[in-house]
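All remarks here apply to the structure that follows.
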There are 2 protein chains.
Amino acid sequence: MTMDDIDRSIISLLQADARMSTKALAEHIGLSAPSAAERLRRLEERGVIRAFTIDVDPRALGYSLQAIVRIKPLPGKLHAVQKLLEAIPEISECDKVTGDDCFIARLHLRSIEHLDFILERIVDKAETSTAIIKSQPVTRRLPGG
Amino acid sequence: MTMDDIDRSIISLLQADARMSTKALAEHIGLSAPSAAERLRRLEERGVIRAFTIDVDPRALGYSLQAIVRIKPLPGKLHAVQKLLEAIPEISECDKVTGDDCFIARLHLRSIEHLDFILERIVDKAETSTAIIKSQPVTRRLPGG
DNA sequence: GGTGAAAAAAAATTTTC
DNA sequence: GAAAATTTTTTTTCACC
């Protein structure tokens, strides 16, 4: 279960370019191709690498607006709210948190009207507090730099 | 600038497996390999695909705790706060938003003490409100499903 | 765990339609 | 866009350290 510096390098390199070949990866870390392949296999097996994926510009898919919504379920509605949130595809991330608000969700939306439409589905089960994203000073980066 | 159904399929397939070969991609969408390669090249060129990356389990890197922090800069401190937030590697995401709070950040932390340590760097420039993540009902999914 | 080389398998590119 | 073939890589295997 140990993560050494080589494993950390692999993570860092693939974070920057997930399509890098095993051979290129091996060259960067100064290991042979079979060793790099074996390390990579183990990182996947152990669940350190959860997925190889792409970062898509939501605007290209027509989602020009993002919002962060804090959601406080009405008494007795916690489970109903959680199920509802999971079923809303416009929610790309949702965390259950400590504190007065119970959920914090990130929404991708086509317009302000679209935002209103989605919030209408929630208002009868929870109090919401919406913040519209104006810019993104930091986007998805690796924990710890 | 048009995104047709084939482009959307490519996005969806690569979202699920960014290491899929061009050939496999072509077979899934019912196109020849060169056509698929050309489509992929254009999606990258147009910035629709911003990056090929991996999803890493932060716990494997020793970050067992996540928090969402709302940050309201003190009068006159807005720019200083933004610069500070960008310089904190524990912040993996930070959005500038409308409303009373100005920034919302996601922090990856090794412990509660670590959280306290990071917040100490912010408290003299901004009011903060911290919510610790207990679970993640929805994790990173494509806008619109 | 790791190496190196060779065999085997794929994949990307180019050309032609 | 497609098809086919060439050319280049890449991956895997295996013997050995």
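Note that the coordinates shown come from a computational prediction; the quantities given were computed from them, not determined experimentally. Note on naming: letters A, B, ... go to the chains in the order of the sequence lines (proteins, then strands), and numbering restarts at 1 for each one.
Using a 4.0 Å cut-off between charged nitrogen and carboxylate oxygen, A:Glu86 and A:Lys83 do not count as a salt-bridge pair. A salt bridge links A:Arg106 with B:Asp95: the closest approach of a Lys/Arg side-chain nitrogen to an acidic carboxylate oxygen falls below 4.0 angstrom. Taking 4.0 Å as the cut-off between side-chain N and carboxylate O, A:Asp55 and B:Arg140 do not count as a salt-bridged pair. Between A:Asp17 and A:Arg19 no salt bridge is recorded (no basic side-chain N to carboxylate O distance below 4.0 Å).
Checking the phosphate oxygens (OP1, OP2) of D:dA3, no side-chain nitrogen or oxygen of B:Ser32 falls inside 4.0 Å. Under 4.0 angstrom from either OP1 or OP2 of C:dA10 there lies no side-chain N or O belonging to B:Lys23.
Contacts of B:Arg39 with the nucleic acid, taken as non-hydrogen atoms under 4.0 Å apart, involve only primed sugar atoms and P, OP1 or OP2. As judged by a 4.0 angstrom heavy-atom cut-off over every strand, B:Ser21 is placed among residues touching the sugar-phosphate backbone only.
Summary of the strand contacts: A:Pro34 and B:Thr22 both lie near DNA chain C, and taking for each the nucleotide with the nearest heavy atom, the more 5' one is attributed to A:Pro34. When the nearest nucleotides of DNA chain D are assigned to A:Ala37 and B:Ile6 by heavy-atom distance, the more 5′-ward of the two goes with B:Ile6.
B:Leu25 places its CG atom 14 Å from the P atom of D:dG1, with the value rounded to the nearest Å. For the pair A:Arg19 CZ and C:dA12 P, the interatomic distance rounds to 7 Å; values are reported in whole Å. In this structure, CD of A:Glu38 is placed 9 Å from P of C:dG2, rounded to the nearest angstrom. Note: CD1 (A:Ile10) to C1' (C:dG1) measures 13 Å, nearest angstrom. Here the P atom of nucleotide D:dT10 and the CG atom of A:Leu40 are 15 Å apart, to the nearest Å. Atoms CD1 (A:Ile29) and C1' (C:dG1) sit 13 Å apart, rounded to a whole Å.
Relative to the side chain of A:Arg42, the nucleotides D:dA2, C:dG1, C:dT3 differ in distance, and C:dG1 lies closest.
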